[in-house]
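Proteins get letters first, then strands, A, B, ... in listed order; numbering begins at 1 in each. Small disclaimer: the values here were computed from a predicted structure and weren't measured.
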There are 2 protein chains.
Amino acid sequence: MTNKVSEYGICPFATTQRVLTGKWALVIIYQLSTGTKRFKELQRLLPGITQTILTRHLRQLEKDKIVQRKVYAEVPPRVEYSLTEMGQEFRVVLDAVEKWGLDYIKLLEM
Amino acid sequence: MTNKVSEYGICPFATTQRVLTGKWALVIIYQLSTGTKRFKELQRLLPGITQTILTRHLRQLEKDKIVQRKVYAEVPPRVEYSLTEMGQEFRVVLDAVEKWGLDYIKLLEM
DNA sequence: CTGAATCCGCTCCGATACTG
DNA sequence: CAGTATCGGAGCGGATTCAG
């Protein structure tokens with residue numbers, strides 16, 4: 001998918017939907033919203049995700065300017081991921097999702 | 001995808017992500033949040049979506065208890081879609097998404 | 001540790017045609 | 001008007017292998 005806004009018009013919902021494409025996008029953003037994380041750390045926090053998929057999502061979120069990647073020239077290599085400013089502003093959405101999601105889970109359990 | 005909570009644990013983010021699966025889910029929920037709509041009406045409000053896809057999404061959102069479907073025994077047939085109570089509570093998320101999305105679009109335009 | 005490169009299978013999108 | 005049936009193609013997930 002491309003980044004061009006023109007293809008999605010000015011609809012904030014369609015645009016956000018595109019950013020949230022993929023099974024893990026929302027959870028990854030949430031995990032990064034709690035602080036900077038290393039690659040391996042993220043993988044542990046996302047039970048079931050593979051290296052390939054995690055990398056793919058992180059690359060896409062980088063393109064989308066939601067995630068920042070910082071590489072340290074060390075041995076062994078260290079790479080840290082964090083949210084950009086735009087990513088941090090997503091906090092408001094995350095909070096709403098968290099509350100709604102918990103209520104929704106309760107509903108499904110009934 | 002199934003509805004079983006057990007497969008997604010108690011993570012509100014993974015659960016919400018699953019509900020929002022698909023290119024049009026978020027926009028459909030938004031359109032219904034502004035009031036009950038007929039099928040054709042929805043299709044007009046979602047430029048580019050086909051009958052097949054709209055139907056498929058609506059069926060899934062029904063399964064997920066987000067959308068209600070009401071059929072009137074008339075000729076020509078009339079079917080109205082609206083949000084369930086759980087769907088209406090999603091309003092909070094929609095509001096946050098709308099604000100963030102608009103800011104995000106501005107960022108991309110720079 | 002943090003990847004990249006393949007490859008396969010499944011799901012989802014969407015076009016088309018048909019129906020009550 | 002409001003769908004269903006079918007089908008091709010694209011996108012995504014995930015396993016595996018190799019590399020700096």
- Give a yes/no answer on whether the side chain of B:Tyr81 brings an N or O atom under 4.0 Å of OP1 or OP2 in D:dC1. no

- Checking only heavy atoms, does the side chain of B:Thr52 share a donor-acceptor pair with the base of C:dT16 at less than 3.5 Å? yes

- Heavy atoms, side chains only, cut-off 4.5 Å: are B:Gln68 and B:Tyr81 in contact? no

- Task: Provide, to the nearest angstrom, the distance between the CD atom belonging to A:Glu80 and the P atom belonging to C:dT2.
- Result: 9 Å

- When you measure from every atom of DNA chain C, which of residues 27-38 of chain B have a heavy atom less than 4.0 Å away? none

- Item | Residue pair B:Ile49 / B:Gln43: nearest heavy atoms and the distance that separates them | O-NE2, 3.7 Å

- Bend angle of the helix from C:dC1-D:dG20 to C:dG20-D:dC1, end axes from five pairs each (to 10°): 50°

- Rounded interatomic separation in angstrom, taking CG from A:Leu58 and P from C:dC1: 16 Å

- Whole Å only: how far is the CZ atom of A:Phe39 from the P atom of D:dG20? 18 Å

- Query: Does the side chain of A:Met86 reach to within under 4.5 Å of the side chain of A:Lys65, using non-hydrogen atoms?
  - Reply: no

- In whole Å, what is the span from the CD1 atom of B:Ile49 to the C1' atom of C:dC13? 10 Å

- Would you kindly compare A:Pro77 and A:Thr55 by the position of their nearest DNA chain C nucleotide and give the one closer to the 5′ end? A:Pro77

- If you pin A:Gly48 and A:Gln51 to their nearest nucleotides in DNA chain D, which one's is more 5'? A:Gly48

- Task: Nearest whole angstrom, please: distance from the C1' of C:dA15 to the CD1 of B:Ile53.
- Result: 10 Å

- Message: Taking the side chain as everything from C-beta on, heavy atoms only, tell me whether A:Thr34 gets closer than 4.5 Å to A:Lys37.
- Response: yes

- Task: Would you please confirm or rule out a distance under 4.0 Å between OP1 or OP2 of D:dG13 and any side-chain N or O of A:His57?
- Result: yes

- C:dG14 phosphate, OP1 or OP2: any side-chain N/O from B:Lys23 under 4.0 angstrom? yes

- Message: Measuring only between side-chain heavy atoms, which start at C-beta, is B:Leu54 closer than 4.5 Å to B:Trp24?
- Response: no

- Note on the structure: Rounded to whole Å, the CD-C1' distance (A:Gln60 to D:dG13) equals 15 Å

- Atom CD of A:Glu41 and atom C1' of C:dT2: how far apart are they, to the nearest Å? 14 Å

- Message: Quiz question: going by heavy-atom distance under 3.5 Å, is there a donor-acceptor pair between the base of C:dT16 and the side chain of B:Thr50?
- Response: no

- Message: If I take atom CZ in residue A:Arg69 and atom P in nucleotide C:dC1, what distance separates them, rounded to the nearest angstrom?
- Response: 16 Å

- Item | Within-4.5 Å side-chain heavy-atom neighbours: A:Tyr104 and B:Val19 | yes

- Choose from C:dA4, D:dC1, C:dT2 the nucleotide whose nearest atom is closest to any side-chain atom of A:Arg59. C:dA4

- Task: Determine whether B:Phe90 and B:Leu94 make a side-chain contact, defined as any pair of heavy atoms from C-beta on separated by less than 4.5 Å.
- Result: yes

- Item | A:Leu58 and A:Phe39, any side-chain heavy atoms less than 4.5 Å apart | yes

- Task: Establish, with yes or no, whether the OP1 or OP2 oxygen of D:dG14 is under 4.0 angstrom from a side-chain nitrogen or oxygen of A:Trp24.
- Result: yes

- Message: Between B:Arg91 and B:Asp95 (salt bridge meaning N to carboxylate O under 4.0 Å), is one present in this structure?
- Response: yes

- Task: Check the pair B:Glu74 / B:Arg78 against salt bridge (Lys or Arg N to Asp or Glu O under 4.0 Å), numbers first and verdict last.
- Result: CA-CA 6 Å; B:Glu74 303 176 356; B:Arg78 181 159 59 108; 3.0 Å; yes

- Looking at D:dG3, does its base get a donor-acceptor pair with the side chain of B:Arg56 below 3.5 Å? no

